[in-house]
Number of protein chains: 2
Amino acid sequence: MRIPILKLHDYLLISIQTELDDQTAMDFQEDLLNKIHSTGAIGVVIDLTSVEIIDSFIAKVLGDVVSMADLMGAQVVFTGIQPAVSMTLIDLGIHLQDVPTALDLEQGLSKLKQELEEK
Amino acid sequence: MRIPILKLHDYLLISIQTELDDQTAMDFQEDLLNKIHSTGAIGVVIDLTSVEIIDSFIAKVLGDVVSMADLMGAQVVFTGIQPAVSMTLIDLGIHLQDVPTALDLEQGLSKLKQELEEK
């Protein structure tokens, strides 16, 4: 099953509520970029609240999707990153330095609006 | 895979982007009711844009979930019902009479706010 991507005004909302395998992650990357293109979205919130563990491949895919979306003109915010996931990201040297993060979907959307206004 | 349910303020948003089989539909019903209970949501938008066909069992599950959510104090709005799906619902005698519908997620949320203000 593909991960559903919701469009709300100028934003795309994604809540990943399944453990990501490699194929699902790649499909998600492709679907998200296509959706940014087709909707002209300027911001994306990816909620990882239900993701309890990630491996190096998935971490790379998520890191890449931020840069790819950025090239297409859309800002990504991650929300709900769990302790184990944050540890994996840092251990792997994936710092997501320019990527805003927030606690949950509401705060992610607020942060996104704020980031986009500052640009 | 379970269908992801997003919480945004007092609302739950669901976009069904897969063909629903019987088990997925039953899981979805259970997950949604649990989520209404745990979040105290007062409204639910279920987007069916990507659902191209439904059978009588799924139609009944969707009809039931509206009544169940209502008992729990949450109003359901369906959005993006496709022609073939609307035909199936009417042919099966499922009129969803008291259920507001809208074209897409944005309009569904507006409709939900409007319905809840009228109460």
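Per chain, numbering begins at 1; letters A, B, ... match sequence-line order. What you see is a predicted model; the values in this text were computed from it and never measured.
In B/Ile90, the CD1 atom is crowded: over 12 heavy atoms of neighbouring residues, nucleotides or ligands sit closer than 6.0 Å. Within a 6.0 Å sphere centred on CG of B/Leu116, other residues, nucleotides and ligands contribute more than 12 heavy atoms.
In the hydrophobic cluster analysis, where Ile, Leu, Val, Met, Phe, Trp and Tyr join through side-chain heavy atoms closer than 4.5 angstrom, A/Ile5 is grouped together with A/Val65. No continuous path of hydrophobic side-chain contacts links B/Val77 to B/Met68 [ILVMFWY only; heavy atoms under 4.5 Å]. When the side chains of ILVMFWY residues are joined at heavy-atom separations under 4.5 Å, either directly or via intervening members, B/Ile42 and B/Leu32 end up in two distinct hydrophobic clusters. Two different hydrophobic clusters hold A/Ile53 and A/Leu20 under the rule that ILVMFWY side chains link at heavy-atom gaps under 4.5 Å.
Residue B/Ser15 holds its OG atom at 11.0 Å from CD1 of A/Ile14, rounded to the nearest 0.5 Å. Note that CD1 of B/Ile3 and OG1 of A/Thr18 are 12.5 Å apart. Values are rounded to the nearest 0.5 Å. The distance from the CG atom of B/Asp104 to the CG atom of A/Leu8 is 9.5 Å, given to the nearest 0.5 Å.
Neither the backbone nor the side chain of A/Ile16 comes within less than 4.5 Å of any heavy atom of chain B.
Side-chain contact between B/Asp47 and A/Leu6: absent, with no pair of heavy atoms (C-beta onward) separated by less than 4.5 Å.
When all heavy atoms are compared, the tightest approach of A/Leu105 to B/Lys7 is CD2-O, 3.3 Å.
No donor-acceptor pair under 3.5 Å is formed between the side chain of A/Gln17 and the backbone N or O of B/Arg2.
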